[in-house]
Structures are given as C-alpha cells and as structure tokens.
Protein chains: 2
Amino acid sequence: MARTRASSPSLDPMDGLAFLLSQVGAHAAARFAERLVPLELAPPHAGILKVIKRADGLSQQALGEKLGVFPSRLVALLDDLEKRGLVERRDSPTDRRSYALYLTDAGRDALEKLDRTAREHQDALCAALDESERAQLADYLARIAAQQQLTPGVHPGFRKLDRPEGRRGGSPGPC
Amino acid sequence: MARTRASSPSLDPMDGLAFLLSQVGAHAAARFAERLVPLELAPPHAGILKVIKRADGLSQQALGEKLGVFPSRLVALLDDLEKRGLVERRDSPTDRRSYALYLTDAGRDALEKLDRTAREHQDALCAALDESERAQLADYLARIAAQQQLTPGVHPGFRKLDRPEGRRGGSPGPC
DNA sequence: TATTGTTATACTCTATAACTATA
DNA sequence: TATAGTTATAGAGTATAACAATA
C-alpha cells in the first residue's frame, strides 16, 4: 500500500484526531464533574444556573428548550437547586401555569464558586500548553463547533441527535 | 474589576476552552456512534476489535484490563461479537478457565469497514480545518492527553477516575 | 383544544456481588 | 485460597407517556 496523502500525524484512524477529541473531551468532562462534587453540584446544574443568571425570570419550558433538556428532567434538576436554596420558582405574573425562575443570593454565590472551579479545571487540563497555544486550540475548536452547528454554551450530553427540537432560531445569540 | 491576565479568548469560564473540549468531544463521540449503527456495532465493540487484532489470543481478563472495562461487562460485549461471528472464543491451551480471543475473517472485514467509517467521520468532523491545522490540533490534543496521563487508544468512557485498576505499566506501549 | 409543569414508567449503560469451574 | 469467566442485581442517567391545572 502506498502511503496516501501527506503526513497524517497518526496511522490508525482509531487513534486519529477524532478519537483524540472524544478521548480528551470525555476526560475533561469527567474531571470537571469531579471538581463539582464538593460544591454538591452536577454538570447539568451548572448549565442551569448559568442560563438563569443570563435570563432571569424565564420559564422551565424556555430553560429546557435553551439547554435541550426534557421538561420532565428539568423538574428534578430544579428541585435539587431549589431544595439547596440556589434557585427560586416564583409564580409567573402573566401565566398561572408556569413559574418564573430566579437565582437567589446563595445561587449567585454558588455561580461564583463554580466559575472559579471552572477556571482551575481549565488551567489544570491545559497545563501542557502555553497561553498562545491555548488560544490557538480554542480557535480550532470554536471553528469545528461552528461548522458542526453546535450551539455555543450548550453541551450535547449524549443525545442521539443534537437539537432534538426542530427549531433553532437564526442567531447563535447570547447563550 | 480590572481585566486580569492577558487576552483570554473568551470571558466566561463556562464558555472557555475546557468546555469547548468537552462539547466538541461529546459531539464527536455521538456522531461516531451514529455512524456505527449501520455496522451494527457500538463504540465499545470497536475498541475491542482493535485490541484483539493487535493482541491475538489474549484472555478476557487481559482485554478488560487494557480497556479499563469490567469483566462482567466484557461478557456481554463479546457475546455480541461472537454471535455476529466477528470474534472467536477458543479454549486457552494453558489454562482451562480462560479463553483465547481471536478475530474471524468476518471480524477482520468488519474492522476494515470500521476504519473506513472512522476516516469518514474524522473528515466530516474536521471539515472546518485544513490539513496543517488538523496536524497542529492533533499535536495539541496529544500533548494534553500525555500530560493528563491518558492511555493512548483507551477511551475514558465515563469512569469517575481513569485507570480504575491500580497498575498502569510503565510503557504507554502499543495500545 | 393546547400548553405548563408534574408524576410514573421504562430503557440504556454501567458497576457490584455472588456463583462455577478450574488452578 | 485465588483466579477466569459468568450470572444476577442494582444503580445512574435519561427518555416516554399519562395526568392535573390553566390557558
């Protein structure tokens, strides 16, 4: 067999770039989840807190759509956060069926701790790269994410297809 | 608040590099699993076929250790592959408790199809990058993987800790 | 009749424990 | 007594379906 094409960095496609992405990505996710344990949070909680902070007063419906999480699953996740006093379910002033979600002061504190944790995590994870290499890596990944139509800030989890709901509004928007 | 440190490519740590790695990695894994469906294989099967190819005749014990998969889980995965005629469990000549695992001809065919699929997957995934950028990205990821002590070719899945068994032999080795 | 949030249920994936047959 | 493979069981995590209150 002639060596096809230019120097591919590795020979076996299963040890290739796609595998590396998946391997390092899974590692990153697992280590992040680990760091969240002392905060008594799981990764989905983190995403929820972040979205509520940016869109105070939104409904569970809206939250679930933004994160690609099923309504029934949101109930349990929000129960956790409410029980711990990080999130409040206030009655919506306009629609008595729905709630308006708000961060409490404790919720804002938790979000700050969470941001610190995420920063530490990222530093530890990328210890092998210097500052400019990290920027270059982030650029590559952002370009892949954009080309693959991943919604910024939304983790695919393990959905079969990203974006289970048909609609994905035109603007990549704030979140 | 003064802007601390140099230009970080993104402001919010949850939209940072670590998140991108996890997001793109999960996407890569999901799309790969999708491409495996027509082959009637799941990602763990792929890893198993690959290891058996490289280490013909090894035991389930050895296989499980190499992949970080529990023995009980291997049973079902190997049952799948054996039922489909891709893998053979031969009696070990030296120890009647254990099997020696071998790829069948059909198994080798499947592995080839799998390699093609992986190549197509990688091409589609990295469409946003040209050849030299892909090489650069692979280098970054390989360096992170090495620094984080990930075993080459072994997917962390979602284990709490990588490397559940204590021993990890000195050499990063063939697989 | 449609929608919001809820509950109950089921399914997938993975880990733990107990068992058997060898060693 | 310890080990290889197996079986049975249980636990996450997530999706589906049916339901009550409201629109």
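Letters A, B, ... mirror the listed sequences (proteins, then strands); counts begin at 1.
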Legend entry - Qualifying ring-ring contact (aromatic ring centres under 6.0 Å, His included) pairs, either residue in residues 92-111 of chain B, two or more places apart: none
Inset, instruction - Using only side-chain N and O atoms of Gln61(A), determine if any of them is under 4.0 Å from OP1 or OP2 of dT4(C). - result: yes
Legend entry - Separation between OG of Ser98(A) and CG of Leu58(A), rounded to the nearest 0.5 Å: 10.0 Å
Inset, instruction - Determine, step by step, whether His155(A) and Phe19(B) satisfy the side-chain contact (heavy atoms from CB on, under 4.5 Å) criterion, reporting the C-alpha distance in whole Å, the side-chain angles of both residues, the deciding distance to 0.1 Å, and the verdict. - result: CA-CA 8 Å; His155(A) 198 286; Phe19(B) 182 84; 4.1 Å; yes
Legend entry - pair Asp109(A)-Asp105(A): side-chain heavy atoms closer than 4.5 Å: no
Inset, instruction - Measure the distance from CZ on Phe70(A) to P on dT9(C) and round it to the nearest whole Å. - result: 20 Å
Inset, instruction - Round to a whole Å and report the spacing from NE2 of His45(A) to C1' of dG13(D). - result: 12 Å
Inset, instruction - Using heavy atoms to find the nearest nucleotide of DNA chain D for Tyr99(B) and Ala42(A) separately, return the residue whose nucleotide is more 5′. - result: Tyr99(B)
Legend entry - side-chain contact (heavy atoms from CB on, under 4.5 Å) between Asp123(A) and Arg134(A), intermediate numbers included: CA-CA 10 Å; Asp123(A) 261 14; Arg134(A) 292 183 200 189; 3.2 Å; yes
Legend entry - Thr104(B) and Val87(B): CA distance, side-chain angles, deciding distance, side-chain contact (heavy atoms from CB on, under 4.5 Å) verdict: CA-CA 5 Å; Thr104(B) 63; Val87(B) 161; 5.9 Å; no
Legend entry - Atom-to-atom span, CG of Leu63(A) to C1' of dT6(C) - whole angstrom: 16 Å
Set out, line by line, the N/O atom pairs under 3.5 Å between protein and nucleotides 17-23 of chain C.
from	atom 1	to	atom 2	distance (Å)
dA23(C)	OP1	Arg96(B)	N	2.8

Inset, instruction - Decide yes or no on side-chain contact (heavy atoms from CB on, under 4.5 Å) for Arg96(B) and Asp91(B), but give the supporting numbers first. - result: CA-CA 7 Å; Arg96(B) 279 183 18 208; Asp91(B) 291 330; over 6 Å; no
Inset, instruction - Say whether Arg31(B) and Gln148(A), considering side chains only, have a donor N or O and an acceptor N or O under 3.5 Å apart. - result: no
Legend entry - Gap between atoms CZ and P, on Arg73(B) and dA10(D) respectively (whole Å): 20 Å
Inset, instruction - Nearest whole angstrom, please: distance from the C1' of dG13(D) to the CG of Asp80(A). - result: 13 Å
Legend entry - Integer-rounded Å distance: dT7(D) C1' and Leu77(B) CG: 15 Å
Inset, instruction - Name the closest nucleotide to the Ser59(B) side chain, picking from dG13(D), dT14(C), dG5(D). - result: dG5(D)
Inset, instruction - Could you check how far CG of Leu74(A) sits from C1' of dT7(C), rounded to whole Å? - result: 15 Å
Legend entry - Note, Leu49(B) side chain near Leu41(B) side chain (heavy atom, < 4.5 Å): yes
Inset, instruction - To the nearest 10°, let me know how far the axis at one end of the helix from dT1(C)-dA23(D) to dA23(C)-dT1(D) is tilted from the axis at the other, five pairs an end. - result: 20°
Legend entry - Euclidean distance, atom CD of residue Gln60(A) to atom C1' of dT7(C) [Å, nearest integer]: 13 Å
